[in-house]
Amino acid sequence: MEPTKISNRTIAAIFDEIADLLEIDGANPFRVRAYRRAAQNILALSKPLSQLVAEGADLTQLPGIGEALAQKITEIVTTGSLHYLDELKKRIPPDLERLLKISGLGPKRVHQLYEALHIRSLADLKKALDEGKVQALDGFGPKLVQSIADGLARQTGVVRHRLFEADPVAHAVVESLRRCKGVRRIEIAGSIRRRKETVKDIDIVAGTSMNTDIMETFLSLPDVKRIVMQGPTRSSVELFSGFHIDLRAVHEEAFGSALHHFTGARSHNIALRTMASEQGLKINEYGIYKGVRRIGGEHESDIYERLGMQYIEPELRENRGEIECALQHRLPKLIERKAIRGDLHIHTDRSDGSASVETMARAAMALGYEYMAVTDHTKHLTVARGQDEDRLLEALDEIDALNDRLEGFTILKSAETDILEDGSLDLGDEVLRRLDLVVGAVHFKFNLSKKMQTKRIIKAMEHPAFSILAHPTGRLINLRDPYELDMHAVIAAAKELGVILELNAQPSRLDLNDLHCKTAKEAGVKIAVSTDAHSVADLQLMAYGIAQARRGWLEPEDVVNTLPLKELLALLGR
DNA sequence: GCCGTTTTCGGCCCGACTGTTTTCAGTCG
């Protein structure tokens with residue numbers, strides 16, 4: 001049968017769905033976990049499974065994939081569906097998965113609700129609650145029933161917050177707790193510390209002396225809407241702003257272990273603990289132990305040291321191969337903000353930016369940069385006052401004059417050229433040739449088929465003047481999905497054509513994402529980390545781009561705007 | 001369902017908090 005081009009994401013979603021259903025069915029929890037772990041590992045792959053199957057690769061070589069799952073993957077890829085899942089759905093109503101999302105309801109209770117009251121949907125649950133049937137069940141006391149009812153009422157919209165929205169909230173809470181009695185150390189942990197693009201909640205870890213009032217202070221912060229959970233060492237609240245915050249307080253000697261535990265990712269922790277137990281060691285929030293003897297935990301680095309591996313930066317802790325690398329002492333030397341020598345995507349008031357070319361240039365100089373590229377929009381993008389050839393030529397004259405005046409700084413001539421529907425560029429060849437680099441981007445016709453969109457973009461990349469593909473997938477996190485695009489084909493074309501891919505640092509874009517970056521790096525494709533600044537303040541967004549680059553395993557040599565100007569121009573063929 | 005220098009069976013991370021319970025199961029992170 002003709003293989004489908006079914007995506008890794010779809011296959012992972014199928015395995016996750018199986019895990020949900022098996023869990024409700026009361027299956028062996030380790031079997032459930034095998035499906036979940038496989039789903040997670042599949043998401044981290046840099047090659048499409050459909051391609052691996054077509055090449056006849058041995059799927060059992062992949063982590064977490066054995067005979068049974070390899071066979072299921074092959075069936076999904078070749079037939080587009082999975083008989084086993086269809087059978088499961090027949091036996092267990094798939095709507096039950098939605099009940100799992102309600103806080104306080106796990107597989108056991110969902111199973112019980114289904115068996116005893118035939119509850120199979122949110123509506124059924126609401127009705128049963130209203131009729132007082134739920135509280136009649138064994139183990140469903142008045143408080144639990146109330147919390148389920150509350151959870152059901154809140155059910156609408158479990159949102160993941162974007163990193164840049166969570167950052168200021170987290171910092172404000174940390175600052176109000178820092179001066180509490182007995183607080184020696186306090187840090188943000190969780191997915192914020194790993195700089196994940198979206199976060200579900202905010203985790204904070206404190207190392208304290210015996211006498212501390214941090215928990216009381218935390219629970220009585222003015223922003224607290226309700227207390228979700230409270231204990232002597234751990235509490236959780238919901239703020240009026242909708243954020244959930246977990247606070248974990250341990251004795252200062254255990255701060256490193258607690259910080260590690262609450263930084264996660266969970267899959268990273270599980271992998272480390274499994275490894276530790278193979279070495280006869282045990283890791284928990286309080287330390288790392290050999291037998292009953294505690295051999296570390298004050299500092300986070302103790303854990304990696306005792307396990308005989310390199311320290312793993314938080315951005316890498318996703319169990320995507322970092323543990324294996326750390327054991328072999330060949331982790332990437334992740335890029336840092338200070339390695340950046342320039343910004344290659346900047347708007348000015350000549351299109352939709354708010355500051356002049358000179359103002360942006362002086363701001364970039366103040367950041368210690370050697371260069372920046374002015375990349376105002378082109379004429380097709382009328383809403384952004386895109387420039388036609390004549391206005392662009394005027395801009396180039398202004399840049400020439402400024403470059404004569406600015407000491408030790410170069411403004412590169414460029415444009416964020418629209419990629420038109422047929423893959424041609426929105427500027428004439430004569431003007432394109434006068435630019436130091438050409439940034440190309442899609443700003444309309446997002447809804448083309450995957451095939452057409454991929455063709456359109458690769459055609460644009462084939463233009464001899466084309467340098468950098470900006471925000472390659474067009475997504476706006478939580479607002480707009482990426483357009484349909486065969487990213488593996490785009491990466492292959494970039495490699496072949498010597499085109500650079502952008503990691504757009506706008507925190508609502510972060511496009512390429514972390515996995516794309518890793519895949520591009522492995523393919524030998526260079527990345528530009530650019531802010532797409534529309535104001536002086538936006539230049540600071542570089543930090544978000546660098547964080548995402550680190551999550552994508554990028555090193556300074558993978559990123560073109562770490563190069564000195566001369567070498568950058570040579571790479572661009574100028 | 002996966003995995004292996006405890007290797008083809010018998011393990012599989014670890015602990016806090018809650019509610020309903022008289023010692024623990026379920027959920028969560």
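Within every chain, numbering begins at 1; the chains are lettered A, B, ... in the order of the sequence lines, protein sequences first and strands thereafter.
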Side chains of residues 54-63 of chain A: which donor-acceptor pairs under 3.5 Å do they make with residues two or more places apart or in other chains?
unit_1: A/E55; atom_1: OE2; unit_2: A/Q51; atom_2: NE2; d: 3.0
unit_1: A/D58; atom_1: OD1; unit_2: A/T60; atom_2: N; d: 3.1
unit_1: A/D58; atom_1: OD1; unit_2: A/T60; atom_2: OG1; d: 2.7
unit_1: A/D58; atom_1: OD2; unit_2: A/T60; atom_2: OG1; d: 3.3
unit_1: A/D58; atom_1: OD2; unit_2: A/Q61; atom_2: NE2; d: 3.2

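Contacts of A/F255 classified as ring-ring contact (aromatic ring centres under 6.0 Å, His included), with partners at least two apart in sequence or in another chain: none. For A/T263, the side-chain hydrogen bond (donor to acceptor under 3.5 Å, both in side chains) partners two or more places apart in sequence, or in a different chain, are A/R193. Every residue two or more places apart in sequence or in another chain that forms a side-chain contact (heavy atoms from CB on, under 4.5 Å) with A/N513 is listed here: A/E197, A/R475, A/L515, A/H516, A/Q548. Here A/A116 pairs with A/L137 under the side-chain contact (heavy atoms from CB on, under 4.5 Å) rule; sequence neighbours left out. By the ring-ring contact (aromatic ring centres under 6.0 Å, His included) test, A/H161 is found to be paired with A/F243, residues two or more places apart in sequence or in another chain being considered. Every side-chain hydrogen bond (donor to acceptor under 3.5 Å, both in side chains) that A/H268 has, sequence neighbours left out, goes to A/Y304, A/E322.
The nearest whole Å value for the distance from the CD1 atom in A/I18 to the P atom in B/dC2 is 11 Å.
Of the nucleotides present, none pairs with B/dT8 by Watson-Crick or G-U wobble criteria with both distances under 3.5 Å.
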B/S/- along nucleotides 19-29 of chain B (protein heavy atoms under 4.0 Å) is SS-----SSSB

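Each of A/S235 and A/A70 was assigned the nucleotide of DNA chain B with the nearest heavy atom; the assignment lying further toward the 5' end belongs to A/A70.
The stretch residues 211-224 of chain A has no heavy atom under 4.0 Å from DNA chain B, so no residue of it qualifies as close.
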